[in-house]
K.L.:
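There's a structure below that I have some questions on.
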There are 2 protein chains.
Amino acid sequence: MTAHLDDYDRKLLAEVQKDARIPQNELGARVNLSTAAVNRRLKRLSDDHVIERYTAVVEPGAVGYPLMIVVTVEIEREQMDLLDSMKRTFEACPQIQQCYYVAGEWDFVLVLVVRHMDQYNDLTRQLFFGNNNVKRFKTLVVMDRVKAGQNVPVHIEP
Amino acid sequence: MTAHLDDYDRKLLAEVQKDARIPQNELGARVNLSTAAVNRRLKRLSDDHVIERYTAVVEPGAVGYPLMIVVTVEIEREQMDLLDSMKRTFEACPQIQQCYYVAGEWDFVLVLVVRHMDQYNDLTRQLFFGNNNVKRFKTLVVMDRVKAGQNVPVHIEP
DNA sequence: TCTGAAAATGGACCTTT
DNA sequence: AAAGGTCCATTTTCAGA
């Protein structure tokens, strides 16, 4: 499953995770490869789905979503079709940035961005109060986004 | 604070959040703008920090981090310098993808990617058991990453 | 908005291990 | 075979008119 990545690949991944717009010749200079080799490796990493996609990260506050909220959700019954339909509902909600189905004290963890508390209130009605498979949920209001991103460590550790 | 974005900006942001490698002429075709106009707008959005950065999203499983874990942490005392040092510790830990300081039943929510349970165990020793300002923490093991990303909705809603 | 120069990408082809 | 390097055509970016 795990692709065999060498040291060059790891260095490249570290760089493009930090900044995907560094030109390939500059990347080559940093890792000691020709631009053509960098080009081939990046293409391979994309083809192999090691690199899932390239994206622009938008600052939520700058587009009118200054409020971030984490929600833990417990459900009533762990029934396949109910689960799937909940997952699809969460997936389809644009304000939900992330949705994880988890094992432990809760069943779902959601991370959402909203315009203001009123919008969050509306969403709780739609998503939680309006769904009779939701047993209870807890709201955690984010006061400081200490660290955010999808970066995966790529350094050589056991 | 909120930059004044028009409809073109929003459409562009929606597109580059989905895929940051679409060439500007193609973007222009999609939103009905010349490539030069697209170019200027994207530059402005970057300069204004509406677009924070461009990044490659790496599939954690493909580089040996198949396990994702959400942790909620409660701390002993909410003292400024202790808080700051905890934030810095969490920020510096490569396995911690996201760290939110929150209000509610917990103080921190962490999202981490690890190689296997043993690595997570080690991390709990370092980060939680080894820190006497941590009162308690709860582990939620992610079974399904239903939705992941940093996408911010940019459509026109109240 | 149009035009063109400069930069970046990505393929062809040859060489090394 | 697998991967690197050089060279070159094509595509993309980006600024001035």
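Note: hydrogens, waters and symmetry copies are ignored here, and every other heavy atom, side chains too, is used. Owing to the predicted nature of the structure, the values given are computational and were not obtained by experimental measurement. Per chain, numbering begins at 1; letters A, B, ... match sequence-line order.
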K.L.:
Does B:V154 share a hydrophobic cluster with A:Y65, counting links as ILVMFWY side-chain heavy atoms below 4.5 Å and allowing steps through other members?
P.N.:
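Result: yes, single cluster for both.
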K.L.:
Could you walk me through whether B:R30 and B:E26 pass the salt bridge (charged side-chain N to carboxylate O under 4.0 Å, His left out) check?
P.N.:
CA-CA 6 Å; B:R30 292 192 195 178; B:E26 170 62 21; 2.8 Å; yes
K.L.:
Closer than 3.5 angstrom, by distance alone: can the side chain of B:R10 be matched with the main-chain N or O of B:L5 as a donor-acceptor pair?
P.N.:
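Such a contact is found between B:R10 side chain and B:L5 backbone.
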K.L.:
Take atom CZ of A:R41 and atom P of D:dA3, then tell me their distance rounded to the nearest Å.
P.N.:
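From A:R41 CZ to D:dA3 P: 8 Å.
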K.L.:
What is the separation between atom CG on A:D7 and atom P on D:dG4, rounded to the nearest whole Å?
P.N.:
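Whole-Å distance recorded here is 13 Å.
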K.L.:
Under 3.5 Å, which protein N or O atoms sit close to an N or O of nucleotides 10-17 of chain D? Give each pair with its distance.
P.N.:
from   : atom 1 : to    : atom 2 : distance (Å)
D:dT13 : OP2    : B:Q24 : N      : 2.7
D:dC14 : OP2    : B:N39 : ND2    : 3.3

K.L.:
Can you classify the ring geometry of A:F108 versus A:Y101 as parallel (below 30°), tilted (30 to 60°) or perpendicular (above 60°)?
P.N.:
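Because their plane-to-plane angle lies in the 30° to 60° range, the rings of A:F108 and A:Y101 count as tilted.
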K.L.:
Can you tell me the distance, in whole Å, between the CG atom of A:D6 and the C1' atom of C:dT17?
P.N.:
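It works out to 15 Å between those atoms.
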K.L.:
For a quick check under 3.5 Å, do B:N39 and B:Q24 share a side-chain donor-acceptor pair by atom type?
P.N.:
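There is such a pair (donor and acceptor under 3.5 Å, judged by atom type) between the side chains of B:N39 and B:Q24.
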K.L.:
Starting at NZ of B:K147, measure out to OH of A:Y100 and round the result to the nearest 0.5 Å.
P.N.:
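Going from NZ on B:K147 over to OH on A:Y100, the span is 11.5 Å.
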K.L.:
For A:L127, which of A:V134, A:I96, A:V71 qualifies under side-chain contact (heavy atoms from CB on, under 4.5 Å)?
P.N.:
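Filter result, single survivor: A:I96.
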K.L.:
May I have the distance from A:L33 (atom CG) to D:dT6 (atom C1'), rounded to whole angstrom?
P.N.:
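Between C1' of D:dT6 and CG of A:L33: 14 Å.
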K.L.:
Donor-acceptor check, side chain of B:E15 to backbone of B:K11, threshold 3.5 angstrom: yes or no?
P.N.:
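Here the side-chain-to-backbone pair does not exist.
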K.L.:
Applying salt bridge (Lys or Arg N to Asp or Glu O under 4.0 Å) as the test, list every pair that has at least one member in residues 77-89 of chain A; sequence neighbours left out.
P.N.:
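Listed once each, the pairs are A:K87-B:D144.
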K.L.:
Given atom CG of A:L42 and atom C1' of D:dA3, what is their separation to the nearest angstrom?
P.N.:
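Those two atoms, CG and C1', are 15 Å apart.
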K.L.:
To the nearest 10°, let me know how far the axis at one end of the helix from C:dT1-D:dA17 to C:dT17-D:dA1 is tilted from the axis at the other, five pairs an end.
P.N.:
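Angle reported: 20°, given to the nearest ten degrees.
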K.L.:
Between atom CG in A:L5 and atom P in D:dA3, what is the gap in whole Å?
P.N.:
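Between P of D:dA3 and CG of A:L5: 12 Å.
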K.L.:
Please give, in whole Å, the distance from D:dA1 P to A:R44 CZ?
P.N.:
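For the pair A:R44 CZ and D:dA1 P, the rounded distance is 19 Å.
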K.L.:
Compare side-chain N and O positions of B:S34 against OP1 and OP2 of C:dT1 and report whether any pair is under 4.0 Å apart.
P.N.:
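For C:dT1, OP1 or OP2 has a side-chain N or O of B:S34 closer than 4.0 Å.
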